[in-house]
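Numbers restart at 1 for each chain; the letters A, B, ... are given by sequence-line order, proteins then strands. Atom set for the values below is all heavy atoms of this structure, side chains included, hydrogens, waters and symmetry mates excluded.
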Amino acid sequence: MTDKTLLQDLSARGLIAQMTSEEELEQHLAEGSVTLYCGFDPTADSLHIGSLVPLLALKRFQQAGHKPLALVGGATGLIGDPSFKAQERKLNDDSTVAGWVEKLKGQVSQFIDFDCGANSAEVVNNLDWTRGMDILTFLRDVGKHFSVNQMIAKESVKQRIDREGEGISFTEFTYMILQSYDYQQLNASHGCTLQIGGSDQWGNITGGTELTRRMNGNKAFGLTLPLITKSDGTKFGKTESGTIWLSPAKTSPYAFYQFWLQTNDADVYNFLRYFTFLSIEAIDALEKADAEREGRPEAQSVLAREVTRLVHGEEGLVAAMRITDALFSGNLSDLSEADFEQLQLDGLPSSSLAGIDLVETPLTTLLSDAGLAASGKQIKDALQRNAVIVNGAEKGMDDNMKAAEVFAAANGTYGRFFLVKLGKKKHHLFVI
RNA sequence: GGUGGGGUUCCCGAGUGGCCAAAGGGAUCAGACUGUAAAUCUGACGCGCGAGCUUCGGUGGUUCGAAUCCACCCCCCACCA
């Protein structure tokens, strides 16, 4: 951030949804290093790309000289945030949540610097200050500051209260109080004066700024980041095969890279602003260049490279690009035997044919079991349209019962590799 | 505890004795067109290559035949207490 302030840059990127007292916050950030926090609740064993915007925001603040605290919700994760959720959620048991907390700590830590002097990041866990609290203290010291009338009026729980057919338990209703208490605690212990989060967190954040003012007598700020939406109205971060996770064990760097590469033209420049550290000027220039050029825009590949590097490092990016080049360039013949082995290691979905009775097993079963499609019906559909390609050769329904022939060693590359393509985008490597 | 309304295939939501594997929409998948885009059009969409098999909260029952009728049970919601 050279000539612009942090808030101006965030605003230019479209990364600010709401703020408490904008002018005062601008001034507060200008006065020196501010300690801020953002919470991540353990609802699975990995974060997904929905958490990327706040994670990168913490990093943006740190780069601007502020001190980020990443809060992992060991306590709040046991309760479940009702904000804008249509339904009550199932409770996870505490050993599960504790396990997830550990995983999230590691993930969160990738993005922020823990060793850069005064504004080094810290990871905190709200279970630390909630676990020992007894219910009477909670009700008298904390609960007394909250008005149920106000809590009910919050937009975030409105659909649970108004909507026919749904309700909200006291447990989830209390979530807001717990999160507010976190802020108050961090304000007292770390001098934290800013909380950031997704726009769905606005109600919880303002709850915290008020509690901090009431209990600590301190001014505290809040800032929310926009919910990422797609131009076609579908949900961001989900694909046919599920959520895009940050953990390479759950979403391979290759799949991750592909996800970004497939971004719509209508979204890609926004995503560059949200998910990368490229300057606004550079992004604008790219947009202009793409518009002037005929054909395929450059932006998707820039986005895919930048984000994959941020999440999976240079190594993950190289692996992802290696697979992509091999699969989509069309010249598989250039690949050496060692390259095929590397592709498996790099995360190209693959499976072994060892032990499978190829004479008895139809391709529909074989390919759906391998995960190329959800059911044999879909494979059948693809076969009927000649959308199944094995080592470059189209296969049809006639080949369905001829798996032994299709996957005969003599037909394999180097006598044992079969690259199966279903449709334009799905690839799977079979190995004898 | 009382009264009323509900639980249908991934989601929403029709369906009140056979014509129901179950309308319609959404999501998803494949094809055409393209740029591994969007939009549009076509097809698929419980499972099975197929013959066929298994579903409509659960368990029993009535019936030649039930998602639809009966009994009991479970769960959800609203209002009242």
Side-chain angles (χ1 to χ4, degrees), chain A residues 85-90 159-169 172 229-243 254-272 286-287 289-291 293-305 308 320-321 323-332 348 357-389 394-406 419-428:
Chain A
K85 301 282 190 317
Q87 291 180 321
E88 183 87 8
R89 292 197 282 173
K90 280 206 189 70
Q159 59 175 311
R160 290 286 284 282
I161 291 179
D162 293 350
R163 188 178 166 188
E164 191 113 348
E166 291 301 337
I168 183 168
S169 67
E172 286 199 5
T229 54
K230 295 206 296 183
S231 58
D232 60 8
T234 58
K235 204 168 184 176
F236 170 75
K238 302 266 184 191
T239 66
E240 69 287 353
S241 41
T243 306
Y254 161 69
F256 188 86
Y257 179 85
Q258 284 289 320
F259 168 80
W260 294 102
L261 201 60
Q262 287 166 20
T263 304
N264 294 172
D265 292 4
D267 296 316
V268 71
Y269 304 100
N270 283 335
F271 287 5
L272 280 165
L286 179 63
E287 183 167 6
D290 277 342
R293 187 157 11 85
E294 286 291 306
R296 191 179 177 168
E298 197 66 17
Q300 279 85 350
S301 57
V302 174
L303 177 68
R305 278 201 303 275
T308 306
M321 290 177 73
I323 299 181
T324 298
D325 287 346
L327 298 183
F328 291 93
S329 68
N331 43 6
L332 284 170
L348 174 64
D357 182 356
L358 294 175
V359 177
E360 289 299 320
T361 314
L363 288 180
T364 47
T365 305
L366 198 60
L367 301 190
S368 60
D369 285 354
L372 272 161
S375 73
K377 281 255 171 67
Q378 291 183 9
I379 304 288
K380 182 183 159 192
D381 184 48
L383 282 169
Q384 284 169 343
R385 291 158 184 277
N386 292 320
V388 175
I389 296 170
E394 285 184 1
K395 299 296 170 195
M397 272 307 279
D398 291 349
D399 299 300
N400 191 30
M401 294 307 295
K402 297 181 187 162
E405 195 180 306
V406 172
L419 187 73
V420 177
K421 195 171 159 186
L422 185 134
K424 288 179 198 162
K425 298 176 203 166
K426 291 182 198 162
H427 299 83
H428 195 95

Using atom [atom1] of [X] as one end and atom [atom2] of [N] as the other, report the distance to the nearest whole Å.
X: A:Lys426; N: B:rA30; atom1: NZ; atom2: C1'; result: 8 Å
X: A:Asp381; N: B:rC47; atom1: CG; atom2: P; result: 13 Å
X: A:Gln378; N: B:rG43; atom1: CD; atom2: P; result: 17 Å
X: A:Leu383; N: B:rG50; atom1: CG; atom2: C1'; result: 14 Å
X: A:Leu303; N: B:rA37; atom1: CG; atom2: P; result: 16 Å
X: A:Leu363; N: B:rG50; atom1: CG; atom2: C1'; result: 15 Å
X: A:Met397; N: B:rA30; atom1: CE; atom2: C1'; result: 14 Å
X: A:Asp265; N: B:rA37; atom1: CG; atom2: P; result: 10 Å

Within a strict 4.5 Å, meaning less than it, do heavy atoms of the A:Phe328 and A:Leu261 side chains meet?
->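 Answer no - side chains too far apart.
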Would you mind checking if A:Arg385 and A:Asp381 are paired as a salt bridge, meaning a charged N to carboxylate O distance below 4.0 Å?
->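 So A:Asp381 pairs with A:Arg385 through a salt bridge.
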Contact class for A:Ala266 vs. all strands (heavy atom < 4.0 Å): base, sugar-phosphate, or nothing?
->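 A:Ala266: no heavy atom of the nucleic acid under 4.0 Å.
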[atom1] atom, [N] versus [M]: distance in rounded Å?
N: B:rA32; M: B:rA37; atom1: P; result: 11 Å
N: B:rG4; M: B:rA14; atom1: P; result: 22 Å
N: B:rA38; M: B:rG50; atom1: C1'; result: 39 Å
N: B:rA21; M: B:rC72; atom1: C1'; result: 29 Å
N: B:rU8; M: B:rA66; atom1: C1'; result: 14 Å
N: B:rG58; M: B:rG13; atom1: C1'; result: 23 Å
N: B:rG15; M: B:rG6; atom1: P; result: 11 Å
N: B:rU55; M: B:rG61; atom1: P; result: 15 Å

For A:Arg305, does its backbone N or O pair with a side-chain atom of A:Thr308 as donor and acceptor, under 3.5 Å?
->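 Side chain of A:Thr308 to backbone of A:Arg305: no pair is present.
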Among [options], which nucleotide has an atom closest to any side-chain atom of [X]?
X: A:Thr324; options: B:rA30, B:rU36, B:rC49; answer: B:rU36
X: A:Gln262; options: B:rC49, B:rG31, B:rU36; answer: B:rU36
X: A:Asn264; options: B:rC49, B:rA38, B:rA30; answer: B:rA38
X: A:Lys377; options: B:rC49, B:rC45, B:rA30; answer: B:rC45
X: A:Gln300; options: B:rG35, B:rU36, B:rC29; answer: B:rG35

Does a side-chain N or O from [X] land closer than 4.0 Å to OP1 or OP2 of [N], or not?
X: A:Arg296; N: B:rU34; answer: no
X: A:Thr263; N: B:rA37; answer: no
X: A:Lys424; N: B:rG31; answer: no

Mind checking who [N] pairs with, Watson-Crick or G-U wobble, both distances under 3.5 Å?
N: B:rA22; answer: none
N: B:rG17; answer: none
N: B:rA78; answer: B:rU3
N: B:rA44; answer: B:rU28

Specify the residue among A:Ala374 and A:Gly423 whose closest nucleotide of RNA chain B lies further upstream toward the 5′ end.
->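 It is A:Gly423 whose nearest nucleotide is closer to the 5' end.
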Could you pick out which residue, A:Ala382 or A:Leu261, lies toward the 5' side of RNA chain B when each is mapped onto its nearest nucleotide?
->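 Comparing both residues, the 5'-ward one is A:Ala382.
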So, A:Gln300 and A:Asn264: side-chain donor and acceptor under 3.5 Å apart, yes or no?
->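 Side-chain D/A pair, A:Gln300 to A:Asn264: absent.
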How far apart are the closest heavy atoms of A:Val420 and A:Leu372, and which atoms are they?
->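 For A:Val420 versus A:Leu372, the nearest heavy atoms are CG1-CD1, 3.9 Å.
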Identify the two heavy atoms, one from A:His428 and one from A:Ala370, that lie closest to each other, and give their separation to 0.1 Å.
->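 Shortest heavy-atom separation between A:His428 and A:Ala370 comes out as CE1-O, 3.2 Å.
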Would you state whether a donor and an acceptor, one from the side chain of A:Asn386 and one from the base of B:rG31, lie under 3.5 Å apart?
->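 No such pair is found, so the answer is no.
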Got a donor-acceptor pair under 3.5 Å from the side chain of A:Gln258 to the base of B:rU36?
->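 Such a pair exists between side chain and base.
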Should the pair A:Phe236 and A:Trp260 be assigned to parallel (<30°), tilted (30 to 60°) or perpendicular (>60°) ring geometry?
->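 Plane angle between 30° and 60°, so tilted.
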